[in-house]
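Report on one structure; see the data block that follows.
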Amino acid sequence: MDEVCTGRREEESLPQESEASESSTSASSSSRLISWRPRALAFRPCSPILDTNAKPQHLRVVVRRPLVARLTKDIVEIYQICNPKFHYSEELNPKRFLTSPSTGLLNDGCDNANSDLILTVNYSLVNSDTKRRYIVKDILGHGTFGQVAKCWVEETNSFVAVKIIKNLPAYYQQALVEVSILTTLNKKFDPEDKHHIVRIYDYFVYQRHLCIAFELLETNLYELIKLNHFRGLSLSIVQLFSKQILRGLALMKDAGIIHCDLKPENILLCTSVKPAEIKIIDFGSACMEDRTVYSYIQSRYYRSPEVLLGYQYTTAIDMWSFGCIVAELFLGLPLFPGASEFDLLRRMIKILGGQPPDYILRKAKNTSKFFKFIGSINREEREENHRSNCSMYQVLTEEEYAARESKKPSVGKEYFNHMNLEAIVTKYPYRKNLAEEELVKESQVRLALIDFLRGLVEFDPAKRWSPLQASKHPFVTGEPFTCPYKPVPETPHMPVSQNVKVDHHPAGGHWFAAGLSPNISGRNRGVMPNSPHYQLMSYVHPGSYGSLGSHGSYSEGLGLGSSYGSYGDSSNFHAFYSPAGPSGMNIYAQSGISILGNSPDTRRIMQLSHGNGIGFSPGNFAPMSLGSSPSQFTPPSSYSQISAGSPGQYGPPSPVRGNCHGSPLGKMASGSNYNRRKNWAFQGNFQSQETISSSSCQGHIADINTSGQSEGNSSSFGSQSHRQPNTSTSTWRLQQGGRNITSGYSSSHMHTVQGSGYDKSEASNSLPDPGDWDPNYSEELLLQEDSSDMSIMTSEFMKGMHLSQPLVSSDTLIGVGISSRISNANVSIQRHDGPVQSFSPGEAGSSPAIHGYAQMTNHSYFMPHSAQSSPSRLGQQPVQRHNLGRSAPFRDGEWSHLNVQAPQYSGGLRSPGSKDIHWGRRGNYSVSNAPAFHGRKDYGRNA
Ligand SMILES: Nc1ncnc2c1ncn2[C@@H]1O[C@H](COP(=O)(O)OP(=O)(O)OP(=O)(O)O)[C@@H](O)[C@H]1O
């Protein structure tokens, strides 16, 4: 009944009815009713339509607030009417925990056993400097470093995302790197927010936790793909995202910063601007290009060959990851879903038809783990091999690897049926009902995509395209693709934005250069021995280059185990970190003089000589790396293996990767089993879908000319130097079809899927089951999702993209199952015939959300399993998520300017005190219904 009315909104008043109800009230209670009376609408008399000839009124659905909210409206007043002695006290409200476990064990009961701050709804995080309060409303995600909460900032009437770092020294230090790098990128390189990199607004310490406030973004690209049932996105969207990601990567290259963890999960949608954009997040693993120290970086599926092999690396590793992401956006599945590093390499070689060049294999640390030397010790033979482009190395077979490593490598399923890149792309099912000319057009774009990918997932980092080179590719520019792209050779450094020079403030060190001041007034206080963050420790490694305010120093109990921000010579310096603020890293000479940011003489004492990148001051604290320090995370004994400051040095695993390598900051060590994904059935697969589409689409599948002859618009992919570092090697011949491919569409091959050299029987064994390629896959994750959130987000996104057909029809907004909607919608974002998984309608097991704000539909309605007691995808107790976000009970106007100020600075950023300073170009936060999703945590993907 309530849901259907004549269009009159609840808020509308009915004066005559109010009067009627008033007059019927007894005299004794009338005085009370003056101050409060029930809503007139609730008691509106029924007015049946008596005139049968009258036109029937149009009934329409009005979406209201949830039942619980409506039933409990004015409940306090009602209680007070019932019992005048009743007094409401907010403190007595039961707390709604957002953190799990919620038992306070550490940090005076503020933190749980995982060192996470225990958050409840409406918990206040306060920046003690600016007194700005961040009211926690929801959890957005979990990561290695801690929790990301959605917070309301009253002062600015806006929501932000606040990353609350675990209360552990190494995490703290690592997070400072993120602050430092991101501030540099935002302020120095992208003041106008044009390069698709998340904005950082503020940072402060609260309850010994470093809190970093970011602009609030929406779902990530992995979630988007998942929302699309792991079918690829349309090529126009892939192209759009590619262009935007490249802008970010170009900026990073310009700044000499390597992201080191680029993956779909770290690219978030931003629908507050139109058309919707993407933004790159998570600079917690980033480092300076000339200070690459950690060898164990990048999530496995997106890990570059040079990192895998333990070779020196540059910003080119991000380009590899980018190539993997582009392919995944198109395919809906990861290109190289390696279940282990061996499996990863095997897949790369199979799909790309080559292998890393010999110059890398000769020097890489891990070559012997994966390759055997088959070259000759005879010099002449070697030279002959070289001339004929034969490799001296051959990848190990599974058996050889098992024998060498004394364990069998994990090997995952084949999703692409042993096809090479060209076949994978051209054979990917086309959208249904495409007109012939559209098919031809798409097949051309696919050719461009193949050529584009070839330049990105290129084994040789020296030949891999730079962001700038890639951004001029026809696939990105939209120009017709006529022949293989030959990028203009690049000078070693080609700035893409304004040529920003970092101020090398004397003694400012990288903090200053990054726009952060280590010398915030009132911060450089003395040691506070009682605080775990104030421990004074000797620096134990003379002459090393410590990590001042960058990566946390960690050495597994070996002297630096609890130190962070160690720097200098043990005989002269002590380092400590001040929790008074992230800039409160203090270096004291034994004399007790704070040297950071003060004394240029100190530089001489420290004998600093390296570094000229962002955040490094050649004359200052050069060896301190922004995000990397060889003195960190490894025992001192290993320091000597790392040469100071030479670009591309590899070293110990990143602190965020290290569980396999002994770092307590490893992903597993971050203490969660949440987001473990289980297998659940794909009802479709690449092959079966293709088969279906081949019949239903009448041959819209591209054909591969397995004999090497191409028909129609064929392109040879063998000629470009950037493509074939090793392909002439007999060992590395293409396994299928060579590199000559057709345009992907040929009318003469409209029915020739089977004749295309594509082995169905093999394919049918290769079900693209996300539970297999995604180690964190779990239906429980999906069960926790709010489908209305998803649908709202998606429709917002689609609107933002100006796409004609929403992914989810608008009626999902009133709680209709997303799954069915998606499958029914004529979705232009996706290719219909891609691998499909369908959800049977599940039981509606979840209890209604007790949020009282936005309507929401529990996702469990659409999932295959009952959700009653499933743990939260965040591993929490099943906390009801309430969508306080874009559909929160705030008026549109309240989403006005975000005036969060920059962190304190001296010379670089703006003062947090000045309210009128906006960060970036988007002062306006428009209301959007888009939810923020919990990101997938792919701990397994980092193994
Ligand atoms: N600005 C933001 N807006 C909305 N959600 C965000 C934002 N930043 C982070 N999140 C959410 O929080 C999750 C964790 O964030 P992030 O990746 O920065 O943490 P992390 O600890 O560095 O993760 P990782 O383990 O991948 O290193 C993200 O996957 C995302 O879902």
Side-chain angles (χ1 to χ4, degrees), residues 98 114-116 137-151 158-166 168 170-172 174-179 181-182 186 196-202 209-224 226 259-272 277-286 297-300 302 627 654-659 665-672 674-675 776 781 785 789 793 873-874 885-886 898 900 919-920 922 925 928 930-942:
L98 297 170
N114 301 331
S115 298
D116 273 321
K137 294 294 177 189
D138 204 354
I139 285 286
L140 295 168
H142 268 230
T144 315
F145 291 97
Q147 318 160 77
V148 180
K150 179 176 189 169
C151 296
S158 58
F159 282 102
V160 295
V162 180
K163 192 162 170 176
I164 303 138
I165 306 299
K166 286 174 191 284
L168 291 169
Y171 288 81
Y172 184 101
Q174 184 76 20
L176 286 180
V177 176
E178 182 162 14
V179 171
I181 283 186
L182 209 44
N186 280 187
H196 304 279
I197 288 171
V198 68
R199 308 303 285 184
I200 178 172
Y201 291 148
D202 194 4
H209 290 265
L210 178 62
C211 302
I212 313 170
F214 300 100
E215 69 175 303
L216 181 66
L217 300 169
E218 321 299 340
T219 191
N220 65 53
L221 292 191
Y222 169 75
E223 294 291 346
L224 190 71
K226 191 168 85 179
H259 185 283
C260 294
D261 196 16
L262 211 60
K263 56 184 175 181
E265 291 88 333
N266 283 338
I267 299 168
L268 269 56
L269 288 178
C270 172
T271 54
S272 61
E277 292 180 350
I278 53 90
K279 292 247 177 166
I280 300 169
I281 67 157
D282 193 3
F283 287 77
S285 308
I297 50 170
Q298 300 190 293
S299 294
R300 197 193 310 129
Y302 311 94
S654 158
V656 296
R657 309 282 172 205
N659 66 304
L665 274 177
K667 302 260 175 183
M668 297 304 283
S670 69
S672 293
Y674 65 79
N675 282 357
N776 297 314
L781 308 182
E785 273 172 7
D789 279 359
M793 183 281 297
R873 62 187 306 186
L874 297 178
R886 305 309 166 93
L898 186 67
V900 184
W919 281 70
R922 282 197 309 282
Y925 266 46
S928 140
F933 282 82
H934 300 300
R936 167 179 58 166
K937 291 315 304 166
D938 286 303
Y939 296 154
R941 290 152 55 116
N942 300 312

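Whatever order the structure lists ligands and atoms in, that order sets their numbers, starting from 1.
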key: Working for side-chain contact (heavy atoms from CB on, under 4.5 Å), residues D261 and I297   = CA-CA 7 Å; D261 196 16; I297 50 170; over 6 Å; no

Item to complete: Could you tell me whether F214 and ligand 1 have an N or O pair separated by under 3.5 Å?
Response: no

task: State whether the side chain of N114 and the backbone N or O of D116 hold a donor-acceptor pair below 3.5 Å, judged by distance alone.
output: no

Note: ligand 1 atoms sitting under 4.0 Å from heavy atoms of N266 are 17 (O)

**OP:** Evaluate the side-chain contact (heavy atoms from CB on, under 4.5 Å) criterion for residues H259 and F283: first the C-alpha distance (whole Å), next the side-chain angles of each, then the deciding distance (0.1 Å), finally the verdict.
**Re:** CA-CA 6 Å; H259 185 283; F283 287 77; 3.8 Å; yes

Within 4.0 Å of some non-hydrogen atom of T144, the atoms of ligand 1 are 20 (P), 21 (O), 23 (O), 24 (P), 25 (O), 27 (O)

Less than 3.5 Å between some nitrogen or oxygen of E215 and one of ligand 1, yes or no? yes

Measure from NZ or CZ of K150 to the centre of the six-membered ring of F159, then state whether that distance is under 6.0 Å and the direction lies within 45° of the axis.
yes

side-chain contact (heavy atoms from CB on, under 4.5 Å) filter on V198, not counting sequence neighbours, yields L182, F214, E215, L217, I281

task = Kindly confirm or rule out an N or O of K163 lying under 3.5 angstrom from an N or O of ligand 1.
result = yes

If you compare L217, I200, V148 by their heavy atoms, the one closest to atom 4 (C) of ligand 1 turns out to be L217

Ligand 1 to L268, heavy atom cutoff 4.0 Å, flagged ligand atoms 2 (C), 3 (N), 4 (C), 5 (N), 6 (C), 7 (C)

In this structure, CG of L210 is separated from CG of L168 (nearest 0.5 Å) by 12.5 Å

Next on the checklist: Between ligand 1 and G284, can you find any atom pair, the residue atom being a heavy atom, that is separated by under 4.0 Å?
Outcome noted: no

So the atoms of ligand 1 within less than 4.0 Å of a heavy atom of H142 turn out to be 14 (C)

In ligand 1, the atoms that come under 4.0 Å of a heavy atom of G143 are 19 (O), 20 (P), 21 (O), 23 (O), 25 (O)

